[in-house]
2 protein chains.
Amino acid sequence: MVPNQNHRFKPRKQPVQARSEATVSALFEASVQVLLAVGYRKLTTTRVAERAGVSVGTLYQYFPNRQALITSVIERYLEEISASVERDCEVLNGRRLDEIATGLVDAFIDAKWKRIDVSRAMHEPLVDVGGAKLVRAAATKGAGFVANVLASCSDAEFPDVHSLALFVVMACSSLLQAAIADHAGSVERNMLRVHMRALVFGYLREMRQPKPGEMQPPRLRRRAIV
Amino acid sequence: MVPNQNHRFKPRKQPVQARSEATVSALFEASVQVLLAVGYRKLTTTRVAERAGVSVGTLYQYFPNRQALITSVIERYLEEISASVERDCEVLNGRRLDEIATGLVDAFIDAKWKRIDVSRAMHEPLVDVGGAKLVRAAATKGAGFVANVLASCSDAEFPDVHSLALFVVMACSSLLQAAIADHAGSVERNMLRVHMRALVFGYLREMRQPKPGEMQPPRLRRRAIV
DNA sequence: ACCTGAACACCGTTCAAGT
DNA sequence: ACCTGAACACCGTTCAAGT
């Protein structure tokens with residue numbers, strides 16, 4: 001009666017996976033659509049399943065709970081952002097500090113604004129799901145990339161590029177998140193660009209290793225830390 | 001039968017208000033306690049009412065829904081933070097830029113860290129409730145204060161102090177929010193302090209109005225904005 | 001292997017009834 | 001004027017039954 005003993009060890013997954021992968025993809029897309037359509041608060045598992053053309057039970061076959069579904073959706077989104085930023089950063093290798101600071105900020109802003117509606121809609125679920133860890137993970141990965149760019153800077157040297165990079169990435173992403181969550185229309189986007197460029201450039205200039213013999217502009221005194 | 005026509009216009013609110021104010025206070029405190037004890041996800045209206053020693057129905061007599069309750073709690077929290085920052089900033093009037101930048105950052109960090117558990121616990125509800133508006137409101141108010149400090153700076157002048165102040169406040173609060181939501185123990189607090197001081201100082205230096213005849217260090221070129 | 005959908009527990013919110 | 005708590009609607013999650 002058992003057709004093939006083997007099926008327990010090497011089940012014919014090909015068609016099986018194809019079906020289930022299609023289902024999972026549908027669930028992802030449905031999640032984003034529902035999120036955009038009715039907002040996070042009204043995003044119910046039933047609604048997502050419905051939109052994906054399956055029943056709730058099926059959803060729970062692939063995700064242990066609502067949070068896990070949302071977490072996956074967010075991970076995808078963060079990967080898109082990271083990839084976009086990294087792509088834009090490649091041209092910055094070996095450039096001057098001002099070019100790097102400007103390019104970095106622009107890369108972030110462009111990445112977030114490419115799908116501004118999604119970026120905005122993603123904020124709530126991101127936090128609800130404990131996204132700090134996910135963001136930190138994505139930021140750490142992205143920071144590796146940024147660190148290389150910093151190390152390649154033609155007119156400045158930095159101690160501990162990795163810490164600086166991580167801080168820059170965290171600052172950019174948290175600031176953008178806040179600005180986008182607010183309501184920042186495209187009116188404010190260019191303001192944000194100008195200010196963030198100065199922020200990152202000013203920070204990196206402040207943190208750079210002074211070249212021997214260089215005329216020193218006033219630097220920030222390291223005051224006692226309580 | 002009607003004891004006093006007047007009561008419709010001037011009801012004896014004194015004892016009445018005293019009772020209800022006590023109830024409202026109890027609900028606020030209970031909310032924070034429940035939040036700290038079981039987290040936002042498990043903060044149910046029944047649980048809050050229970051902890052406050054009243055029934056759910058009573059809670060709904062004072063707050064139209066769960067969100068309104070949480071919003072009020074958050075408003076209180078934001079006011080505390082603002083007040084703390086403002087208090088710490090008063091001594092910065094007329095100081096040098098480096099002192100102002102350092103003092104500002106320290107004021108923020110200290111305010112958030114005073115009740116770090118509350119700050120951390122407050123992040124989720126803040127976002128869930130659409131706190132961007134509340135934060136923006138608090139930030140705008142705080143920015144007025146910071147703008148005055150900037151205007152009083154003894155060794156630098158700024159164009160449009162108000163914009164700069166708002167940006168600094170937003171940057172500080174969003175960065176701290178992200179760092180705290182993450183898990184930043186006290187280990188990371190001093191790192192954060194150092195980096196944030198450089199961030200704010202570097203930004204403000206970059207944005208200041210150059211004094212006539214001053215030796216200009218390289219400034220950020222204003223590049224074309226896409 | 002994958003899907004279905006009725007059923008259950010739980011939570012926000014209401015409202016008729018109390019003091 | 002203020003409080004109570006059972007009742008209702010809705011949502012996340014499960015699971016026995018299908019193909």
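Residue numbers begin at 1 in each chain, while the letters A, B, ... track the order of the sequences.
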*Nearest whole angstrom, please: distance from the P of D/dG12 to the NZ of B/K42.*
17 Å

*Pairs flagged by side chain to side chain donor-acceptor pair (under 3.5 Å) wherever residues 23-35 of chain B is involved - sequence neighbours left out*: B/Q33-B/R51

*asked:* Among residues at least two apart in sequence or on other chains, which ones pass side chain to side chain donor-acceptor pair (under 3.5 Å) with A/T140?
replied: none

_Between P on C/dC2 and CZ on A/F63, what's the gap in Å once rounded to a whole number?_
14 Å

*asked:* Please enumerate all residues that pass side chain to side chain contact (heavy atoms under 4.5 Å, CB included) together with A/N65, with sequence neighbours excluded.
replied: A/Q67, A/A68

*So what is the 5' to 3' dot-bracket string for DNA chain D, if pairs are Watson-Crick or G-U wobble with both distances under 3.5 Å, crossing pairs use [ ] and | means the partner sits on another strand?*
||.|||||...|||||.||

Extract from the structure each pairing of a protein N or O with an N or O of nucleotides 16-19 of chain D at less than 3.5 Å, listing the distance.
none

Every protein N/O within reach of nucleotides 8-10 of chain D N/O, cut-off under 3.5 Å:
none

_Rounded interatomic separation in angstrom, taking CG from B/L27 and P from D/dC2_ = 13 Å

*Would you confirm whether B/R120, through its side chain, and B/I180, through its main-chain N or O, come within 3.5 Å as a donor-acceptor pair?*
yes

*Would you please name every residue forming a ring pair (Phe, Tyr, Trp, His ring centres under 6.0 Å) with A/F63, sequence neighbours left out?*
A/F28

*How many Å lie between CZ on A/R66 and P on D/dG12, as a whole number?*
6 Å

Distances for protein N or O near nucleotides 3-6 of chain C N or O, under 3.5 Å:
from	atom 1	to	atom 2	distance (Å)
C/dC3	OP1	A/T23	OG1	2.8
C/dC3	OP2	A/Y62	OH	2.9
C/dT4	OP2	A/S55	N	2.6
C/dT4	OP2	A/S55	OG	3.4
C/dT4	OP2	A/T58	OG1	3.0

*Would you kindly give the CD1-to-P distance between A/I70 and D/dT13, to the nearest whole Å?*
11 Å

_Salt bridge flag under 4.0 Å for residues A/R87 and A/E80_ = no

*Which residues satisfy the side chain to side chain donor-acceptor pair (under 3.5 Å) test with A/S119, sequence neighbours excluded?*
A/Y77

*When rounded to the nearest 0.5 angstrom, what distance separates OG in A/S20 from OH in A/Y62?*
4.0 Å

*Between A/H195, A/R197, A/M191, A/M196, which is the residue that forms a side-chain contact (heavy atoms from CB on, under 4.5 Å) with A/R193?*
A/R197

Please tabulate, for the side chains in residues 159-168 of chain B, all donor-acceptor contacts under 3.5 angstrom to protein atoms that are two or more places apart in sequence or on a different chain.
from	atom 1	to	atom 2	distance (Å)
B/D160	OD1	B/S163	N	3.4
B/D160	OD1	B/S163	OG	3.3
B/D160	OD2	B/S163	OG	2.6

*Respond yes when some side-chain nitrogen or oxygen of A/Y60 is under 4.0 Å from OP1 or OP2 of D/dT13, and no when none is.*
yes

*Applying ring pair (Phe, Tyr, Trp, His ring centres under 6.0 Å), which residue pairs with at least one partner in residues 30-51 of chain B are found, sequence neighbours left out?*
none

*Reckon B/L69 touches a base, only the sugar-phosphate, or nothing at all at heavy-atom distances under 4.0 Å?*
nothing

*Does A/E124 pair with A/K42 as a salt bridge, N-O distance under 4.0 Å?*
no

*Could you pull out all residues at least two apart from A/N93 that satisfy side chain to side chain donor-acceptor pair (under 3.5 Å)?*
A/S152

_Using whole Å, what does the distance between atom C1' of nucleotide D/dG12 and atom CG of A/N65 come to?_
9 Å

